[in-house]
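Data block below; observations after.
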Amino acid sequence: MGYLVLANWIRYFMVDIFTHFGVAVHQASIRTMVAHFIKGGAVSTPSVLLTCFLDLIRWTLLWGGVVHFKVGVWRICGYRIDPYFDRPWLSTNLVTLWTRFFFHYREFLVRAFYFPVFFCCFKRHPNVRIIVATMAAAGFGNMVWGHLVEEMYYEGMLFANFGHVLKTWPYYILLGGGIAASQLYLRRRKRKRKPWTRGPRIIGDVIAAYCTLQFYAIIHIFLRFTEESTIWDHFRLFLIGFGIHL
C-alpha cells in the first residue's frame, strides 16, 4: 500500500531534484524522452541514463505495489505464496535480477522454454546450451508469451499490434544475451564471497548493482515506441546512453 500511495510522490520528488541540477529526465518517462528526441530535441548521456533509471523505479513502485498487495491477500487467506518481487534492487548481476524479478512469470518461462531446450539440445556443448536455452526463455518465450499475448489481449487481434511487438525485438535480444553472458561469467568465476557481506568490498556490490539495474533500465528504450519513432531512432538513443552520438 505504501508503494501504491507514495509511488508518484517519489517519482516527482526525484524528477524535481534532477531538474533543479539541470538534468532533463522527461518526467521519468522513457516514452516522453523518445517523443522529445524524434522531434529534434537535444538529449544528453546523463539524461538518457537517469530517465531510464527513474522510469524503472517508477514502474517498479507501481507494479510492486500491486503484486505485493495480491501476494499479501493470498497469504492472509492461508496460501503460502512466494513474493513476486524479491528485493530486485540487491541484484549484482543479470542472473540474480532475472531470479528476483517476476518470480512466478520467470518460473513459467523456465519450465516451458528453458528446461525443454536445455535438456534436449547441445548436450556436448554446455556454453552453447546455456546461451540457446536462455534466449529461448528470456528472448523468444518472453516476447511471445509475455508481450505478444498481452498486446493482443488488450489491443485486439490486429496485424498492426502483432508488428508493434515484433518491432521491439532488440529488447529481448539484449536481455537474453545479457543474462546468458552473466551465466557464462558466473560459471567460470569461483565465488569466494557472498554479495552484500560487510567489508570494504561492499562498494563493488553497489557498483555491480547499479550497472545491472542501469543496463536493465536502458534496454527498455526498445519497448517504448511512439507512433512516429523508428527502430533506428531507438538505437541512436540507446547509443547516446553510452556516450555515442550518431
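Fair warning: this is a prediction, and the values are worked out from it, not measured in the lab. Starting from 1, each residue takes its place in the sequence as its number.
A donor-acceptor pair under 3.5 Å links the side-chain atoms of Arg129 to the main chain of Phe118, judged by distance alone. Side chain of Gln214 to backbone of Leu49: a donor-acceptor contact under 3.5 angstrom is found. A donor-acceptor pair is defined here as one N or O able to donate and one able to accept, closer than 3.5 Å; such a pair exists between the side chain of Thr51 and the backbone of Val25. Without hydrogens or angle criteria, Arg224 side chain to Val34 main chain gives no donor-acceptor distance under 3.5 Å. Not one N or O on the side chain of Ser29 forms a donor-acceptor pair closer than 3.5 Å with the backbone of His26.
With sequence neighbours excluded, the residues forming a side-chain contact (heavy atoms from CB on, under 4.5 Å) with Pro195 are Thr92, Asp205, listed by chain and number. His164 pairs by the ring pair (Phe, Tyr, Trp, His ring centres under 6.0 Å) definition with nothing, not counting sequence neighbours. For the ring pair (Phe, Tyr, Trp, His ring centres under 6.0 Å) test, residues two or more places apart in sequence or in another chain that qualify with Tyr216 are Phe101, His220. Qualifying side-chain contact (heavy atoms from CB on, under 4.5 Å) partners for Trp74, counting only residues two or more places apart in sequence or in other chains: Tyr79, Ile81. By the ring pair (Phe, Tyr, Trp, His ring centres under 6.0 Å) test, Tyr210 pairs with Phe53, sequence neighbours left out. For Val117, the side-chain contact (heavy atoms from CB on, under 4.5 Å) test picks out Cys121, Val132, Ala133, Ala136, with sequence neighbours left out. Residues satisfying the side-chain contact (heavy atoms from CB on, under 4.5 Å) test with Phe21, not counting sequence neighbours, are Ile17.
In this structure, Ile76 stands alone, with no Ile, Leu, Val, Met, Phe, Trp or Tyr side-chain heavy atom under 4.5 Å from its own, directly or through other members. Clustering of Ile, Leu, Val, Met, Phe, Trp and Tyr side chains at separations under 4.5 Å leaves Phe103 isolated, with no partner residue.
Using a 4.5 Å cut-off on side-chain heavy atoms (C-beta onward), Arg87 and Arg100 make contact. Residues Arg187 and Ser182 form no side-chain contact, since every pair of their non-hydrogen atoms from C-beta on lies 4.5 Å or further apart.
Ser91 and Pro88 get closest at one heavy-atom pair: OG-O, 2.7 Å.
Between the side chains of Tyr171 and His147, no donor N or O sits under 3.5 Å from an acceptor N or O. Checked by atom type, the side-chain pair Asn93/Tyr185 shows no donor-acceptor distance below 3.5 Å.
Linking ILVMFWY side-chain heavy atoms closer than 4.5 Å, directly or via other members, places Leu186 and Val128 in two distinct hydrophobic clusters.
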Return all side-chain donor-acceptor pairs below 3.5 angstrom for residues 233-246, not counting sequence neighbours, or 'none' if the list is empty.
residue, atom, partner, partner atom, Å
Asp233, OD2, Thr230, N, 3.0
Asp233, OD2, Thr230, OG1, 3.1
His234, ND1, Ile221, O, 2.7
His234, NE2, Ser229, OG, 3.0
Arg236, NE, Leu246, O, 3.4

Show me the donor-acceptor pairs, under 3.5 Å and distance only, between side chains in residues 36-44 and residues at least two apart or in other chains.
residue, atom, partner, partner atom, Å
His36, NE2, Ala42, O, 3.3
Ser44, OG, Ser47, N, 3.3

Under 3.5 Å donor-acceptor pairs involving side-chain atoms of residues 57-72, not counting sequence neighbours:
residue, atom, partner, partner atom, Å
Arg58, NE, Asp55, OD1, 3.0
Arg58, NH2, Asp55, OD1, 2.5
Thr60, OG1, Leu56, O, 2.6

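The ring of Phe85 has its center closer than 6.0 angstrom to the ring center of Phe102.
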